[in-house]
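Note that these values count all heavy atoms, side chains included, but never hydrogens, waters or copies made by symmetry. Here is the naming used below: chain letters follow the sequence lines, and residue numbers restart at 1 for every chain.
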There are 2 protein chains.
Amino acid sequence: MAKGQKRLTQRDVAKAIGMSDMTVSRVLAGRGVVNSKTREKVLKAVAEMGYVPNRVAGSLASARSNQVGVVLPSITVGIFPDVAAGIAMELEKAGYNPVIGITDYDPDREERLIESMLSWNAAGMIVNDFVHTRRAAKLLSMSPAPVVEIMQVAGDPIDHCVGFNHFEAGAELVRHLVSRGYRRFGFLGWHGMEFAASARFEGVQTVLSQAGFELFAPSWYNAPPGIEDGTQGLRELRAARPDIDVVIFGNDLMATGGYLLSMKMGWQVPADIALAGFGGMEIGQSLSQKLTTIDFPRQGVGRTAARTILNLLVGQAMPKVREFPFDLLIGETA
Amino acid sequence: MAKGQKRLTQRDVAKAIGMSDMTVSRVLAGRGVVNSKTREKVLKAVAEMGYVPNRVAGSLASARSNQVGVVLPSITVGIFPDVAAGIAMELEKAGYNPVIGITDYDPDREERLIESMLSWNAAGMIVNDFVHTRRAAKLLSMSPAPVVEIMQVAGDPIDHCVGFNHFEAGAELVRHLVSRGYRRFGFLGWHGMEFAASARFEGVQTVLSQAGFELFAPSWYNAPPGIEDGTQGLRELRAARPDIDVVIFGNDLMATGGYLLSMKMGWQVPADIALAGFGGMEIGQSLSQKLTTIDFPRQGVGRTAARTILNLLVGQAMPKVREFPFDLLIGETA
DNA sequence: TTGAAAGCGCTAACAT
DNA sequence: ATGTTAGCGCTTTCAA
């Protein structure tokens with residue numbers, strides 16, 4: 001327990017083995033050629049002395065870093081946990097670390113996080129969607145670090161983007177529901193500060209209005225809705241419009257809430273009321289009846305976003321827009 | 001879009017307004033006195049030029065930083081999302097940023113993350129539990145940064161700890177169940193690389209063996225179990241021992257899986273089978289019958305851990321051990 | 001294969 | 001209230 005003791009430097013290690021600090025640097029950074037005996041001596045001394053390199057100094061001198069900034073609205077909700085896991089996995093394999101920042105859907109907080117990460121020499125940036133403050137967008141576009149915007153593809157990326165066609169996702173879900181014979185549609189969605197959710201809604205809306213079917217969308221939530229919101233929302237929707245025969249929820253958590261309510265009330269699913277979600281999350285597939293939903297390969301997007309950064313860093317050209325396919329999961333609820 | 005352009009420095013800003021770089025530094029760092037006219041000129045130039053301070057250089061020069069390392073097993077599972085949210089909230093108020101690392105319950109990964117954060121001059125460290133590799137523990141104890149170990153209190157902290165008495169939590173839950181008349185106990189737990197889960201189990205075990213009641217604990221999971229594991233586990237447990245009258249699950253997610261299975265099978269809860277969990281998570285309280293569980297004030301622990309770091313950084317002494325109370329939530333399932 | 005000198009961009013400490 | 005000097009701990013570059 002040596003709290004407050006002065007931190008060791010490369011020079012301390014070098015002195016201990018009678019070498020110059022440059023030799024220690026070469027061993028630790030893995031650059032340049034070092035005699036293998038010397039290398040071993042260095043590594044032994046480093047281990048024994050408990051030396052921890054000061055990457056702040058290293059990064060200042062080299063103007064490089066192995067940190068990739070990852071700025072997401074949330075890390076607990078919906079698709080983001082898996083996206084983040086995919087990013088972390090891929091970066092780690094290449095010796096890079098994600099530095100994660102959470103915006104809580106607040107663009108100002110996003111701006112601050114982006115600035116902070118850039119000020120720490122981030123080697124690359126992964127950010128959500130195309131919604132940024134003007135200054136955040138400027139900082140990202142001026143930075144030498146490659147930038148990948150994820151989740152969405154319908155927009156003009158600062159550098160690169162990797163994501164899904166959410167409009168099509170909404171459209172495909174509705175086409176399935178229509179093919180099942182549903183005619184009176186309810187929708188319980190939410191307004192995030194992102195294009196993705198609204199794009200899905202537009203897909204739903206477009207197909208329905210082309211088919212000439214009704215869409216009843218009474219409730220819009222401002223925060224990412226959870227199970228309870230789905231329960232509440234469905235209860236109110238059915239009270240207002242008992243004739244609706246299928247309800248699409250903004251995410252699988254809400255749909256789960258709707259399903260739990262249906263069981264409690266003794267409504268037959270899908271005969272009395274059919275239910276569908278978005279996301280493909282575990283909980284929806286763990287219900288007594290599997291949820292019909294759109295599965296987004298969340299981890300895949302994360303991995304691809306990370307790979308894009310890594311490839312760009314070694315000078316490999318990458319496509320500006322990378323669209324990922326999604327899957328319609330046909331469950332037993334719609 | 002000026003990708004790759006050379007990054008502006010304080011000196012560039014200073015030159016633009018005919019001042020020395022030190023003046024710019026003083027304004028931006030908020031240290032020392034600056035004429036308010038000068039300050040405004042500086043801020044205007046900074047905004048116009050889109051200058052982003054290089055904190056790597058700043059941190060090297062000052063040997064300080066506003067980054068607090070937060071190393072957790074997971075950010076998506078159980079109590080950790082809320083803990084992390086509490087930490088982030090409290091740090092942010094004080095102008096500090098959390099740098100989050102995820103170990104996935106892998107001690108080697110934890111060691112690497114801790115080393116990485118210390119090598120970046122972390123101002124403080126928040127880590128989970130008392131289980132670390134020897135080297136990780138050494139790095140933490142040698143570092144000048146204050147260290148807070150969270151979740152647990154039964155152990156010897158490196159510097160400080162903030163957490164719960166998990167043994168008591170297990171004991172209290174069982175005392176409640178015993179008072180309800182249950183006699184044949186099932187337990188579906190899991191072995192994390194942490195003391196918390198095993199301490200809870202010991203609390204359960206101790207009270208039961210004192211009371212002379214039976215404990216049947218067949219399944220142990222190695223990864224954080226989810227809904228599906230609870231479903232599966234309860235199905236097998238009931239097949240093996242139909243006489244068990246109450247099952248305690250390692251977490252609320254598993255308990256939810258058990259509850260969903262019970263509904264599907266038509267088992268009356270709690271008459272045929274009573275169910276209890278640990279955690280106090282939303283999902284357990286959203287079921288048709290509220291789950292009986294132990295609620296840990298997760299956000300509070302996070303906030304307190306962060307406050308501990310912040311106070312230590314300004315030289316304020318803090319207690320070595322801080323125990324947080326938990327709550328028995330008596331629901332309708334046991 | 002190793003060492004010496006210079007400097008990354010900022011801040012501490014001292015001077016004015 | 002502002003400027004000057006020195007140096008944080010490393011890497012780059014060049015020399016031996």
Would you say [X] places a side-chain N or O within less than 4.0 Å of OP1 or OP2 belonging to [N]?
| X | N | value |
| --- | --- | --- |
| B:Ser25 | C:dG9 | no |
| B:Tyr51 | C:dC10 | yes |
| B:Thr38 | D:dT2 | yes |
| A:Thr9 | D:dC8 | no |
| A:Arg55 | D:dG9 | no |

Discussion item. Is there a salt bridge (charged side-chain N to carboxylate O under 4.0 Å, His left out) between A:Lys37 and A:Glu40? Walk through the geometry before answering.
Written reply: CA-CA 5 Å; A:Lys37 293 236 154 145; A:Glu40 275 172 32; over 6 Å; no
Worksheet item: Side chain of A:Ser20: nearest nucleotide among D:dA1, C:dG3, D:dG9?
Response: C:dG3
Item to complete: Could you please name the option among D:dG9, C:dT11, D:dT12 that lies closest to any side-chain atom of B:Met22?
Response: C:dT11
Discussion item. I'd like to know if A:Arg26 reaches the base of C:dG3 with its side chain such that a donor and an acceptor end up less than 3.5 angstrom apart.
Written reply: yes
Item to complete: Using a 4.0 Å heavy-atom cut-off across all strands, classify A:Val33 as base, sugar-phosphate, or nothing.
Response: base
Worksheet item: Starting at the 5' end of DNA chain C, which residue's closest nucleotide do you reach first, A:Asn35 or B:Ser62?
Response: A:Asn35
Worksheet entry | Parallel, tilted or perpendicular: ring planes of A:Phe130 versus A:Phe195, cut at 30 and 60 degrees | tilted
Item to complete: Send over the distance from B:Lys15 NZ to D:dT2 P, rounded to a whole Å.
Response: 20 Å
Item to complete: Take atom CD of A:Gln10 and atom P of C:dT2, then tell me their distance rounded to the nearest Å.
Response: 15 Å
Worksheet entry | Partner of B:Asp21 by side-chain hydrogen bond (donor to acceptor under 3.5 Å, both in side chains), out of B:Lys15, B:Arg26, B:Gln10, B:Arg11 | B:Arg11
